[in-house]
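Worksheet for the structure shown next.
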Amino acid sequence: MRTQVAIIGAGPAGLLLGQLLHTSGIEAVIIEQRSADYVLGRIRAGVLEQVTMDLLEKAGVSARAHAQGLPHDGIELLFKGARHRIDLHALSGGSRVTVYGQTEVTHDLMDARAAAGLTTVYEAANVRVHDFDGSQPRVTWEKDGQAHELRCDFIAGCDGYHGVCRASVPEGALKTYERVYPFGWLGVLADVPPVSHELIYANTERGFALCSMRSTTRSRYYLQVPDTDKVENWSIEQFWAELANRLDPEAREHLVTGPALEMSIAPLRSFVAEPMRFGRLFLAGDAAHIVPPTGAKGLNLAASDVGYLWNAFADHYGDKSNAGIDTYSDRCLRRVWRAERFSWWFTSLMHRFPDTGEFGQKMQEAELDYLIHSRAASTALAENYVGLPMDFGA
Ligand code: FAD
Ligand code: DHB
C-alpha cells in the first residue's frame with residue numbers, strides 16, 4: 001500500500017489532520033492500534049477554543065459543534081468561599097469558548113472520514129515507523145495475523161503520549177522537559193443538569209474542584225485527589241459529598257446528584273519534547289507534549305499543531321515550497337510553550353500543594369484577589385483561556 005501521508009493514531013489530532021488533508025486533495029491513511037469504539041469511549045476534554053472551532057470548520061465538520069456546542073462568555077473563580085466571574089468575552093475583545101466534548105469531536109471526524117470513504121485501519125498491532133530519516137519512510141503493522149506495510153512521503157505521529165512515534169526517534173535527537181504534579185483529577189460524568197451555566201474553577205482548603213458540563217443535561221465534575229489515590233477508593237456518594245464540600249453555599253444548594261456514567265482518575269503532568277520534526281516524521285498533539293488539564297489546553301494544542309502541519313503539507317504539495325515543513329517545529333513549539341506556561345500557572349494557582357502549606361494558600365488567595373480586581377491580570381487570564389492566535393507575528 002502507498003499513500004502521501006501516513007497518520008499514526010486516530011485521536012482528535014490524527015482524525016482532524018486526515019480531514020484537513022482531504023480538503024486539500026492530499027491522500028492519507030490512518031493507522032490506529034485500538035478499535036473505533038474504544039477511541040470513542042475515552043472521556044476527556046470539553047472546552048474548544050475559537051482556533052479549534054475554525055479548524056473544524058475548515059475540515060467541514062463543525063455543523064454539530066455549532067448547533068449543539070454551548071458558547072461560553074465567562075468562567076467563575078471560587079476562592080475564600082465566594083465566586084467571581086471573569087468576563088472572557090469582554091476582556092478578550094470578543095472571543096468566547098465552546099463547550100463540546102472531545103467524544104463528540106471524535107465522532108464528527110470519524111463520521112466525515114467514513115462518509116468520504118477514507119481509509120482508517122483500526123486494531124493495528126505492533127505498529128512501527130521506519131526510514132523517516134531518508135526519502136522513503138514506511139509504516140508496518142500486523143492485523144488478523146497478517147503483516148502489512150504502508151509506504152509514504154511523510155509520517156504524522158499523532159499517537160498520543162504513549163505512542164510509538166516519539167519513542168522511535170533516536171536517543172539524543174530529542175530533548176524532553178517534564179514536571180509531574182503530586183495530585184490527579186478524579187472525574188465524574190453524570191446525566192444531571194450542571195450546577196451553574198458557566199464553568200466554576202474552585203480553590204479551596206480541601207483542594208481544587210472544577211464544575212464543567214457537556215450539555216444542559218450532562219455534567220462533568222473534577223476533584224483534586226492525591227496522586228496515590230485510586231478510583232476504587234471512591235463511591236459516587238462520597239464524590240458528591242466531597243464536591244459539595246468544595247462549593248459555595250449557593251452552588252451547593254443547586255448541585256444535582258445522580259449515578260456516574262464514568263468515573264476515572266487522570267494524572268497531571270507538564271511535558272514537552274523538542275523538536276517536533278525528525279526528517280520525514282512529524283509529531284503532533286499529545287505525542288509531543290502534555291499539559292495539566294487546568295484551562296483545557298490539551299485538545300486545543302493538538303488541533304493547532306495539526307493546523308500548522310496541514311498548512312505545511314498543503315504548501316509542499318501545492319506550491320512546492322518546503323518553508324512550512326522546515327518551520328513546523330518552531331511554529332508549534334512557540335504556541336506549545338505559551339500554553340504550557342498558562343496551564344502550569346493556572347494549575348499552580350488553583351491546587352493545594354502538599355509542600356507549600358498555609359503560606360502557599362495565602363499567596364494563592366492574594367493572587368486570586370488581585371486577579372479579579374485588576375483588569376490587566378484578568379485580561380491576561382481571559383486572553384490565554386480563550387486561546388492565543390495561531391499566528392503571533394514576528
Ligand atoms: P490521543 O487522544 O491520545 O490520541 C492518540 C491516538 O493514538 C489514540 O487513539 C491511541 O490509541 C493511538 N495510538 C497510541 N499508540 C499507538 C500506536 N503505537 N499505534 C497506533 N496508534 C496508537 N484535555 C483537556 O483539555 N481537558 C481534559 O479534561 C482532559 N482530560 C484528559 C484525561 C485523560 C485521561 C487524558 C489521557 C487526557 C486528557 N486531556 C484533557 C488531554 C486531551 O484529551 C488530549 O490532549 C487530546 O486527546 C490529544 O489528542 P491526540 O490526538 O494528540 O492524542
Ligand atoms: C474540562 C476540562 C478542563 O480541564 C477544563 O479546564 C475545563 C473543562 C472538561 O472536561 O469539561
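Residue indices begin at 1 and follow the sequence shown. Computed from heavy atoms alone, side chains included, the values below leave out hydrogens, waters and symmetry copies.
The shortest heavy-atom contact between Met213 and Pro194 is CB-CG, 3.7 Å. Scanning both residues, Ile325 and Ala312, for their nearest heavy atoms gives N-CB, 3.6 Å. Across all non-hydrogen atoms, the minimal contact from Val97 to Val386 is CG1-CA, 3.8 Å.
Under the 30°/60° scheme for interplanar angles, the aromatic rings of Phe208 and Tyr201 are found to be tilted. Using bins of under 30°, 30° to 60° and over 60° for the plane-to-plane angle, the ring pair His351/Phe183 lands in the parallel bin.
Within the model, atoms CZ of Arg331 and CG of Asn311 stand 6.5 Å from one another, a figure rounded to the nearest 0.5 Å. Atom-to-atom distance recorded for Tyr328:OH and Leu283:CG is 7.0 Å, nearest 0.5 angstrom. In this structure, Leu268 CG and Thr294 OG1 are separated by 5.5 Å, a value rounded to the nearest 0.5 Å.
In this view, Ala323 and Ser321 satisfy the side-chain contact (heavy atoms from CB on, under 4.5 Å) rule, not counting sequence neighbours. In this structure Arg128 satisfies the salt bridge (charged side-chain N to carboxylate O under 4.0 Å, His left out) test with no other residue, sequence neighbours excluded. Evaluation of the side-chain hydrogen bond (donor to acceptor under 3.5 Å, both in side chains) rule for Ser212 yields no partner, not counting sequence neighbours. Shown here are the salt bridge (charged side-chain N to carboxylate O under 4.0 Å, His left out) partners of Glu149, two or more places apart in sequence or in another chain: Arg138. Residues passing the salt bridge (charged side-chain N to carboxylate O under 4.0 Å, His left out) test with Glu32, sequence neighbours excluded: none.
Checked by atom type, the side-chain pair Ser270/Tyr177 shows no donor-acceptor distance below 3.5 Å. Between the side chains of His254 and Ser196, no donor N or O sits under 3.5 Å from an acceptor N or O. A side-chain N or O of Asp305 and one of His289 form a donor-acceptor pair less than 3.5 Å apart.
A cation-pi contact, defined as under 6.0 Å to the ring centre and within 45° of the axis, is absent between Arg280 and Phe132.
The environment of CD in Gln238 is crowded: more than 12 heavy-atom neighbours from other residues, nucleotides or ligands sit within 6.0 Å.
The other members of the hydrophobic cluster of Phe271, by chain and number, are Tyr161, Ile290 (side-chain heavy atoms under 4.5 Å, ILVMFWY only). With side-chain heavy atoms closer than 4.5 Å counting as contact, directly or through intermediates, the hydrophobic cluster containing Leu189 also holds Ile43, Leu261. Under a 4.5 Å side-chain heavy-atom cut-off, the cluster of Ile, Leu, Val, Met, Phe, Trp and Tyr residues that includes Leu223 is completed by Leu78, Leu186, Val188, Val192, Val195, Ile200, Tyr221, Val225, Val231, Trp234, Ile236, Phe239, Trp240, Leu243, Leu247, Leu255, Val256, Met263, Ile265. Met363 belongs to a hydrophobic cluster whose remaining members, ordered by chain and number, are Phe359; membership requires side-chain heavy atoms of ILVMFWY residues under 4.5 Å apart, directly or through intermediates.
When side chains are defined from C-beta on, Glu49 counts as touching Lys297, because their heavy atoms get closer than 4.5 Å. Under the 4.5 Å side-chain criterion, counting only non-hydrogen atoms from C-beta, Glu358 is not in contact with Lys362. Two residues are said to be in side-chain contact when any heavy atoms from C-beta on lie closer than 4.5 Å; Leu199 and Val99 meet this criterion.
A salt bridge (charged side-chain N to carboxylate O under 4.0 Å, His left out) check over residues 76-87, counting only residues at least two apart or in different chains, returns the pairs Glu76-Arg83, Arg83-Asp248, Arg83-Glu250, Arg85-Asp87, Arg85-Glu198. Pairs passing the salt bridge (charged side-chain N to carboxylate O under 4.0 Å, His left out) check and including a residue from residues 307-323, sequence neighbours excluded, do not occur. For residues 256-278, the salt bridge (charged side-chain N to carboxylate O under 4.0 Å, His left out) pairs, not counting sequence neighbours, are Glu178-Arg269, Arg220-Glu262, Arg277-Asp326.
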- Message: Applying salt bridge (Lys or Arg N to Asp or Glu O under 4.0 Å) to Glu242 and Arg246, what does each step give before you reach the verdict?
- Response: CA-CA 7 Å; Glu242 183 56 29; Arg246 297 187 193 186; 2.8 Å; yes
